[in-house]
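First the structure, in the form of structure tokens, and then the observations on it.
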Amino acid sequence: MGKYKKNKPYLTIFSILIFCSFLSGCSILIDSINLLKETDASTMLAENITETTISVTPISLKDTQTSESLQQTPSPENASIPDIQNLVIWVPPQFDPSQNTKESKILTDLIGKFTEEHPGVNITFRVKAITGDGSALSALSAAKNAAPDVIPSLVILNRNDLLSAVQKGLVYPITTNIFSEANSWYSYAKQSSAAENYIYGIPIAGDTLVMVYRASKTGAAMTTWEDILSRGLPIAFVPASSDGLFPTFIYLAKGGKLIDDKGQPWLDQSILVDTLKLFLTGGQNGAFPPSLAQVVDQSQNWQMFLEGSVSIIISNFSTFQHNKGPDIKAMAIPLFTDNQRYPLMNTWNIAVTTSNAEIQNLGIQFAEKMADPIFNDIWTANAGFFPVRQSEHVEWQKDESYDTILKILPDAALLPESQILNKISPILNMAVSKVIKSQTTPEQAAQEAISELE
């Protein structure tokens with residue numbers, strides 16, 4: 001009995017330790033269960049939100065204290081630590097600020113200044129594909145109901161993806177005074193910000209088709225289609241691809257329209273015939289050889305161009321800017337006397353995807369910084385996109401493509417909505433392919449195209 005009493009304190013302590021271990025184990029178990037729940041909630045999005053992230057810590061929160069200042073650090077009870085506000089932005093690969101490029105550094109510098117002006121704000125960029133299941137639009141659609149916690153604050157979308165996001169209720173209308181200076185915007189850019197009579201995006205960049213050429217091969221400057229076609233040099237484009245837009249460009253440049261009075265897809269037969277005759281003439285002169293009509297991948301055309309197999313290629317301006325060299329130039333695609341509107345200008349826009357009013361406000365402020373005339377001039381000139389704001393273009397004046405953008409921007413017309421393009425462009429491409437291959441006449445190809453559209 002005495003021995004039992006002597007050891008009792010130790011047994012008691014031992015029992016307490018066991019009990020505490022049991023509680024600790026329960027806590028770990030509970031945490032594990034909660035983690036499994038969170039993981040399960042977003043399992044279906046794992047494939048769609050694979051991303052590259054760059055996180056910018058606010059300057060005010062960086063650890064810049066010296067050993068002397070650490071001794072004077074106030075007690076936790078008196079310390080004032082600002083609340084962290086996370087601004088998450090989904091961007092396409094070409095706008096990734098983590099890349100080792102000059103335009104990325106320019107964007108990173110802007111982020112640093114913004115976080116310095118807004119202590120407590122943390123900006124995170126996550127890179128999304130432009131198309132496919134991993135695209136920003138697809139990920140937003142999937143996350144809306146399945147995993148709302150992964151929805152970002154802002155997203156950068158091209159014009160037609162922005163329209164799709166509006167229709168699906170994935171973005172919010174915004175309030176901004178940035179468009180009050182109407183004359184400071186190129187008309188295509190200002191127009192691209194709106195959908196359904198509300199402002200849904202702040203445009204930051206533009207892009208459209210241009211003619212890229214090797215000056216040493218083409219000779220003297222080319223100014224008209226008659227001049228270009230008479231040289232007999234192959235012009236690379238992708239009529240066999242359903243989304244190739246060059247035939248649509250020519251049709252629109254000749255004054256054609258893609259919708260009727262009821263807003264339905266439509267083609268003007270006489271203008272379509274005229275368009276196809278241009279391709280027929282080009283085919284007969286060697287500018288549009290049947291062999292090029294088989295190409296379905298634009299990267300193949302660029303490979304041929306860079307290797308010297310072809311001397312002229314129709315390409316996006318941004319692609320040219322990232323492939324230009326001493327002998328590689330770009331020019332505006334020649335228009336026609338009856339119409340001077342430069343068609344198919346696309347845009348990239350920043351849209352708000354969060355319902356949090358405070359984060360919305362911060363996001364709009366950041367978007368406005370990217371659309372600032374001075375910053376936009378510097379950033380787009382280095383990133384290879386058309387600017388959205390009219391200014392002195394101090395940075396663009398240093399670029400040999402400055403005359404090209406000046407010729408295009410004032411009369412640039414926004415590209416039609418995707419449901420129109422997706423319907424008409426494949427039909428136009430097929431008609432052009434048939435004419436180039438001498439399978440039919442322009443008149444017959446035009447009639448078949450209109451019949452298919454109906």
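Start at 1 with the first residue, then count along the sequence. These numbers were taken from a predicted model, which means no experiment stands behind them. Note that these values count all heavy atoms, side chains included, but never hydrogens, waters or copies made by symmetry.
Between Phe246 and Trp225, the ring planes are tilted. Angles from 30° to 60° get that label.
Taking the ring axis of Trp348 as reference, the NZ or CZ atom of Arg159 does not stay both within 45° of it and closer than 6.0 Å to the ring centre. Lys128 forms a cation-pi arrangement with Trp90, by the criterion of a distance under 6.0 Å to the ring centre and an angle within 45° of the ring axis.
Looking at every heavy atom in both residues, Ile151 comes nearest to Ala143 through CG1-CB, 3.9 Å. Taking all atoms of both residues into account, the shortest heavy-atom contact from Arg341 to Pro410 is NH1-O, 4.4 Å. Contact detail for Val155 and Ala136: the closest heavy-atom pair is CG2-CB, 3.8 Å. Minimum interatomic distance between Phe375 and Lys369 (heavy atoms only, all atoms of both residues): CD2-O, 3.6 Å. Here the shortest heavy-atom pairing between Ile130 and Asp161 reads O-OD2, 4.0 Å. The heavy-atom pair separating Ser187 from Ala412 by the smallest distance is OG-O, 4.2 Å.
From Ser153, atom OG reaches atom CD1 of Ile364 across 11.5 Å, with rounding to the nearest 0.5 Å.
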Q: Report the C-alpha separation of Val432 and Ile250 in whole Å, then their side-chain angles, then the decisive distance to 0.1 Å, and conclude whether the side-chain contact (heavy atoms from CB on, under 4.5 Å) test is met.
A: CA-CA 11 Å; Val432 167; Ile250 296 298; over 6 Å; no
Q.
Run the side-chain contact (heavy atoms from CB on, under 4.5 Å) test on Val388 and Thr380 for me, step by step, so that the C-alpha distance in whole Å, both residues' side-chain angles and the decisive distance to 0.1 Å come before the verdict.
A. CA-CA 9 Å; Val388 295; Thr380 55; over 6 Å; no
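Each of Phe95, Trp396, Phe317 was compared with Phe385 under the ring-ring contact (aromatic ring centres under 6.0 Å, His included) criterion, and only Phe95 meets it. For the ring-ring contact (aromatic ring centres under 6.0 Å, His included) criterion with Tyr342, the lone passing option out of Phe336, Tyr186, Phe386, Phe249 is Phe249.
No more than 12 heavy atoms of other residues, nucleotides or ligands sit less than 6.0 Å from atom OH of Tyr198. Other residues, nucleotides and ligands contribute more than 12 heavy atoms inside 6.0 Å of the CD atom of Gln340. Annotation: Glu392, atom CD; neighbour count of heavy atoms from other residues, nucleotides and ligands within 6.0 Å does not exceed 12. Open room surrounds CE on Met430; 12 or fewer heavy atoms of other groups in view lie less than 6.0 Å from it.
Gln85 and His118 form no side-chain donor-acceptor contact under 3.5 Å, judged by distance and modelled atom types alone. No hydrogens or angles considered: a donor-acceptor pair under 3.5 Å links the side chains of Ser425 and Thr248. In this structure, a donor-acceptor pair under 3.5 Å is present between the side chains of Ser135 and Ser138. Between Ser391 and Asp377, the side chains place no donor N or O within less than 3.5 Å of an acceptor N or O (distance only, hydrogens not considered). Between the side chains of Asn349 and Thr347, a donor-acceptor pair is found at a separation under 3.5 Å. Looking at Asn301 and Gln298, their side chains do bring a donor and an acceptor atom within 3.5 Å of each other.
Under the 4.0 Å criterion applied to side-chain N and carboxylate O atoms, Lys407 and Asp403 are not assigned as salt-bridge partners. A salt bridge links Lys434 with Glu448: at least one charged nitrogen is closer than 4.0 Å to a carboxylate oxygen. With respect to Lys105 and Asp109, a salt bridge is recorded, a charged nitrogen being found less than 4.0 Å from a carboxylate O.
Phe237 has its ring centre less than 6.0 Å from the ring centre of Phe288. Taking the six-membered ring wherever Trp is involved, the centroid distance between the rings of Phe305 and Phe320 does not fall below 6.0 Å.
Within the 3.5 Å criterion, the main-chain N or O of Lys254 finds no donor-acceptor partner in the side chain of Asn339.
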Scan the side chains in residues 162-179 for donor-acceptor partners under 3.5 Å anywhere in the protein, sequence neighbours excluded, and list what turns up.
| unit_1 | atom_1 | unit_2 | atom_2 | d |
| --- | --- | --- | --- | --- |
| Ser164 | OG | Asn160 | O | 3.2 |
| Thr176 | OG1 | Ile178 | N | 3.1 |
| Thr176 | OG1 | Glu368 | OE2 | 2.5 |

